[in-house]
Amino acid sequence: MTFARPPKAVRRRRYTLREKLLTCAVLAVSTFSLTQMVSAQRTAEPALPRYSDTGMQPFERAEANFPGSAFYYLDDDAAMLNADVAHYDGNNEIDAASQFAGGGSGIGPAAPSTKAAGSSLDKARALQCLTTAIYYEAALEPDAGQRAVAQVILNRVRHPSYPDTVCGVIYQGSERSTGCQFSFSCDGSMARAPSASYWNRARRVAADAMAGMVYARAGLATHYHTTQVSPYWAPSLNFMGTIGAHRFYRWKGAAGTKSAFTRSYRGYEPLPAPNPKTFTPAPVADPIELAREYEQARAQSKRQAALADAKAARQPRLMFDSGVGAPPKTYAAPVYSDSARRNGGEQAYKASKLPEDSQVRDEYRTSGQWIARPGS
């Protein structure tokens with residue numbers, strides 16, 4: 001079979017050498033311009049650091065980091081951007097010993113156990129508040145980091161320097177625009193709906209803590225901050241060590257001893273939400289000032305106890321206290337009415353007015369009297 005040659009009008013056009021060179025030049029210029037644009041963009045926005053190198057998530061920036069900021073941008077897909085970001089659940093916890101480091105003063109004594117108390121509404125509110133704090137403060141942390149955050153909150157509940165409820169501790173100062181105790185409660189983090197999977201994990205950790213679990217590696221810690229910041233109060237407290245992305249501290253002196261954490265948790269939880277902005281902003285709970293106030297209150301309590309003991313020592317002992325050498329207890333004379341006084345007053349009630357005739361036999365009439373002459 002043979003094919004006819006196409007007519008000259010539809011034959012493929014041949015490009016001249018000049019046209020080919022001009023096309024190559026245009027492509028070269030376009031490629032160079034695109035390369036320059038990409039390079040400029042990389043210079044303006046440097047590559048995000050790796051979590052294993054800095055302690056931050058792959059979508060964080062060092063200059064924009066603050067406690068809780070990593071979880072304001074939390075997203076299921078974003079968390080998977082870097083293979084170095086591991087996911088943890090209750091069955092896959094990093095060895096706590098490998099997470100507790102940093103040259104701190106050590107763990108110290110474990111905190112007392114705290115169990116959910118009050119009505120069913122109180123328990124539900126406490127669980128909601130603690131879950132919220134764990135999520136926004138440590139959503140991508142291993143179990144060790146989340147349990148340490150929960151322990152700090154419960155330690156504050158047991159300490160007289162803080163509110164005696166879980167929600168009260170977490171939302172302390174949330175009516176302020178800045179200066180709240182936990183930054184997520186006043187920095188806008190809660191405007192973003194939480195991820196269901198991370199929320200459920202935080203809820204399991206919160207439920208364990210409210211059931212009485214004590215995370216001993218957090219000890220008596222009452223403060224922490226992310227490894228990317230350095231608050232002014234940190235040098236004034238005992239640095240215990242680092243768990244996950246947070247550095248943990250406990251108070252120096254009596255405020256940080258186990259005897260200070262004696263307050264019982266009784267429930268009575270307020271609403272599980274930030275305080276309304278209409279509230280009068282409370283003073284910032286400065287850690288250094290709180291420790292000073294605790295020491296002053298403790299010293300005053302000791303002085304009052306010593307004065308009470310000294311006063312009790314100066315007072316005469318009652319007969320029923322010791323029985324020997326104590327003066328008899330005296331009573332004031334009765335006050336008689338006018339009619340009683342007209343009828344004889346005190347004399348009317350004396351035994352001398354009793355009738356002589358009685359059923360007591362003669363030989364027993366002197367029973368109980370002193371025998372002046374025995375045998376008589």
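Note that these values count all heavy atoms, side chains included, but never hydrogens, waters or copies made by symmetry.
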Practice item. Quick one: list whatever passes salt bridge (Lys or Arg N to Asp or Glu O under 4.0 Å) with E295, sequence neighbours left out. Key: none

**Study point:** Any residue meeting salt bridge (Lys or Arg N to Asp or Glu O under 4.0 Å) with D338, in chain and number order, not counting sequence neighbours
**Key:**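 So D338 forms a salt bridge (Lys or Arg N to Asp or Glu O under 4.0 Å) with R341.
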
Check your understanding: Can D122 and R266 be counted as an ion pair, charged N to O under 4.0 angstrom?
Key ->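 Looking at R266 together with D122, the answer is no, because their closest N to O distance does not fall below 4.0 Å.
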
Check your understanding: Does R201 come within less than 4.0 Å of D143, counting only side-chain N to carboxylate O?
Key -> yes

Practice item. Any pair with a residue in residues 151-178 that passes ring pair (Phe, Tyr, Trp, His ring centres under 6.0 Å), sequence neighbours left out, goes on the list, sorted by first then second residue, please. Key: H159-W251, H159-F261, H159-Y294, Y162-W251

With rounding to the nearest 0.5 angstrom, report the [atom1] to [atom2] distance, [X] to [Y].
X    : Y    : atom1 : atom2 : answer
L121 : R125 : CG    : CZ    : 4.0 Å
D208 : M213 : CG    : CE    : 4.0 Å
R203 : Q128 : CZ    : CD    : 7.0 Å
F248 : Y224 : CZ    : OH    : 7.0 Å
Q146 : L130 : CD    : CG    : 10.0 Å
Q151 : L220 : CD    : CG    : 8.5 Å

Check your understanding: Given the rule that I, L, V, M, F, W and Y join up when any side-chain heavy atoms are under 4.5 Å apart, are L290 and I170 in one cluster?
Key -> yes

Practice item. Would you kindly confirm whether W199 and L140 end up in one hydrophobic cluster when ILVMFWY residues are joined by side chain heavy atoms under 4.5 Å apart? Key: yes

Review point. Who are the ring-ring contact (aromatic ring centres under 6.0 Å, His included) partners of F182, not counting sequence neighbours?
Key: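 Expected list: none.
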
Check your understanding: Going through the checks in order, is the salt bridge (Lys or Arg N to Asp or Glu O under 4.0 Å) test met by D164 and R158?
Key -> CA-CA 7 Å; D164 59 356; R158 300 294 298 270; over 6 Å; no

For [X] versus [Y], what's the shortest heavy-atom pair and its separation?
X    : Y    : value
K252 : P235 : NZ-O, 3.7 Å
M240 : A221 : SD-CB, 3.6 Å
V166 : C129 : CG1-CB, 4.3 Å
A144 : Y215 : CB-OH, 3.3 Å
P287 : H223 : CB-NE2, 3.4 Å
G173 : C180 : O-CB, 3.4 Å

Spell out, as yes or no, whether a donor-acceptor pair under 3.5 Å connects the side chain of [X] to the backbone of [Y].
X    : Y    : answer
E175 : P274 : no
S113 : G212 : yes
S174 : N275 : yes
Y136 : S183 : no

Point to revise | side-chain hydrogen bond (donor to acceptor under 3.5 Å, both in side chains) partners of R263, counting only residues at least two apart | key: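 Partners of R263 by the side-chain hydrogen bond (donor to acceptor under 3.5 Å, both in side chains) criterion come out as none, since no residue qualifies.
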
Under 3.5 Å donor-acceptor pairs involving side-chain atoms of residues 253-260, not counting sequence neighbours:
from : atom 1 : to   : atom 2 : distance (Å)
T257 : OG1    : A254 : O      : 2.7
T257 : OG1    : S259 : OG     : 3.1

Practice item. Answer with yes or no whether the side chains of Q181 and R156 bring together a donor and an acceptor at under 3.5 Å. Key: yes

Review point. Do Y249 and N238 have side-chain heavy atoms sitting under 4.5 Å apart?
Key: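 A side-chain contact under 4.5 Å is absent here.
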
Point to revise | Quiz item: cation-pi between R247 and F239, 6.0 Å / 45° | key: yes

